[in-house]
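Labels below follow one simple rule: chain letters A, B, ... track the order of the sequence lines, proteins then strands, and each chain is numbered from 1.
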Protein chains: 2
Amino acid sequence: MSRILTLSSQVQACCPTNAEPAIARETASEISGMLKALADPNRLQILAIISSSEDQEVCVCDLTEPLNLTQPTVSHHLAKMVSAGILEKQKRGTWSWYRLNSSAWQELAGFFQFTKV
Amino acid sequence: MSRILTLSSQVQACCPTNAEPAIARETASEISGMLKALADPNRLQILAIISSSEDQEVCVCDLTEPLNLTQPTVSHHLAKMVSAGILEKQKRGTWSWYRLNSSAWQELAGFFQFTKV
DNA sequence: ACCTTCTATCGATAAACGTCTATTTATAAT
DNA sequence: ATTATAAATAGACGTTTATCGATAGAAGGT
C-alpha cells in the first residue's frame, strides 16, 4: 500500500490499489435491489405487521389503517416488495394475501452475517 | 379477524384490525435510514472493499478506481453512510479514513435475525 | 344483471437521489 | 510563500421515488 511508503516516494501518490471489486457486481445489484425495496419505514412496518400476524400474512386492507396510508400507496409498497422478491403474493377470492419470501429473507440475513465487521 | 366472519356479517367489511404498529415508528425510521444508505450497488462494494482490506479501512482515493466513480461521488457515498451511522470517519493528515461502525452493523444483523420468517 | 368490496393501474406532483464538473478547504512538502 | 495532493462542498441535471386522487378490473352476494 503506497500510503505507507509515502515518505520514501518522491511523488506522494495515494493509491496504486489492488483495484479488485471484492464482490461481484451482480451480487451487489441483487442485494441492493432487495435493500432498496426495504429501505422505507412504512415497508418495515408492513413486515413487522406480517410477522406479528396470526397467519403470517396480510391483505392490503389490513395495512391502510395502521400505516395511515391510502390503499393505492399500500398496494404500491407491496408490489415493490414482491417484485424485489421479498414478499410473495397469493390471490384468494377478492383478497390478495402477502407473506414473506423466506428464502429471500435468509439471503439477506446471510449477507449481514457473512459480511462481518 | 373479520375476514373469517365475512359470511355472518351483513356488511362484509374487511378489516377491523388490531391496528397496532407492531414496531416503534422510531425504530423503523432508524433502521430504514441505515438500509437506505446501503441500498446501492456502489455502496455495497465500498463495504466489501473495506472488509477485504488489510486494515479494515479505506480512504476515498482507494475507491474511485475500482468503482469507476469520480472523487466527489465517492465522497458523497461515504458521507451518506457516515451520516446514517454505518461508517465512521477519522481524519489523519490529508487522508480521511473510513471504517465500519460495528455496533450499527450488529444492529442491522440483529434486525434480520430477530425479524424471523 | 346489478351493486358492493378489494385491489391494481394511471397520471400527476414534489422530494430525494446519483452523478458529474468546478471550486474550495485542509494538510503537507519544498 | 508556493506548490501539490486529498477531500469536501456547491451547483446542476436527469432519474427515481413516495404519495395522492381518480379510475378500472375482478370477484362475490343479492
field: Sub-4.0 Å heavy-atom contacts from residues 71-82 of chain B onto DNA chain C, ordered by number
entry: B:Pro72, B:Thr73, B:His76, B:His77, B:Lys80
task: Would you kindly give the CG-to-C1' distance between A:Asn42 and D:dT17, to the nearest whole Å?
output: 13 Å
message: Please report the distance, rounded to the nearest Å, between CG in A:Asn68 and P in D:dT19.
response: 11 Å
message: Under 3.5 Å, is there a donor on one side chain and an acceptor on the other for A:Ser75 and A:Gln71?
response: yes
- line: Among C:dC6, C:dG18, D:dA18, the one nearest any side-chain atom of A:Trp95 is C:dC6
- prompt: Is there a side-chain polar atom (N or O) of B:Ser96 under 4.0 Å from OP1 or OP2 of D:dA6?
  reply: no
task: Check the angle between the aromatic planes of A:Trp105 and B:Phe112 and answer parallel, tilted or perpendicular using the 30° and 60° thresholds.
output: tilted
message: Within this structure, what is the OG-CD distance for the pair B:Ser32 and A:Gln45, rounded to the nearest 0.5 Å?
response: 9.5 Å
message: It should be established whether B:Tyr98 places a side-chain nitrogen or oxygen under 4.0 Å from OP1 or OP2 of nucleotide D:dA8.
response: yes
- request: Report the distance from atom CG of A:Leu69 to atom P of C:dT7, rounded to the nearest whole Å.
  value: 15 Å
statement: Of all heavy-atom pairs linking B:Leu38 and B:Ile86, the shortest is CG-CD1, 3.5 Å
Sidechain N-carboxylate O distance under 4.0 Å for A:Arg25, A:Glu30: no
- line: Among C:dT7, D:dC20, D:dA7, the one nearest any side-chain atom of A:Val60 is C:dT7
field: Distance in angstrom units between B:Lys36 NZ and C:dC17 C1', rounded
entry: 10 Å
message: Quick check for you: to the nearest 0.5 Å, what is the distance between A:Trp97 atom CH2 and A:Glu57 atom CD?
response: 5.5 Å
query: Where do B:Lys36 and A:Ala39 come nearest, in terms of heavy atoms and distance?
result: CE-O, 3.0 Å
task: Could you pull out the closest heavy-atom pair between B:Asp40 and B:His77, with the gap in Å?
output: OD1-CE1, 4.0 Å
field: Neighbours of DNA chain D within residues 85-92 of chain A, by heavy-atom distance under 4.0 Å
entry: none
- prompt: Atom CG of A:Leu38 and atom P of D:dA18: how far apart are they, to the nearest Å?
  reply: 11 Å
field: Side chain of B:Thr70 (C-beta onward), nearest among C:dT7, C:dT21, D:dC20
entry: C:dT21
- prompt: Does a donor on one side chain sit under 3.5 Å from an acceptor on the other, for B:Thr70 and B:Thr73?
  reply: yes
task: Calculate the interatomic distance between B:Leu63 atom CG and D:dA8 atom P; express it in whole Å.
output: 11 Å
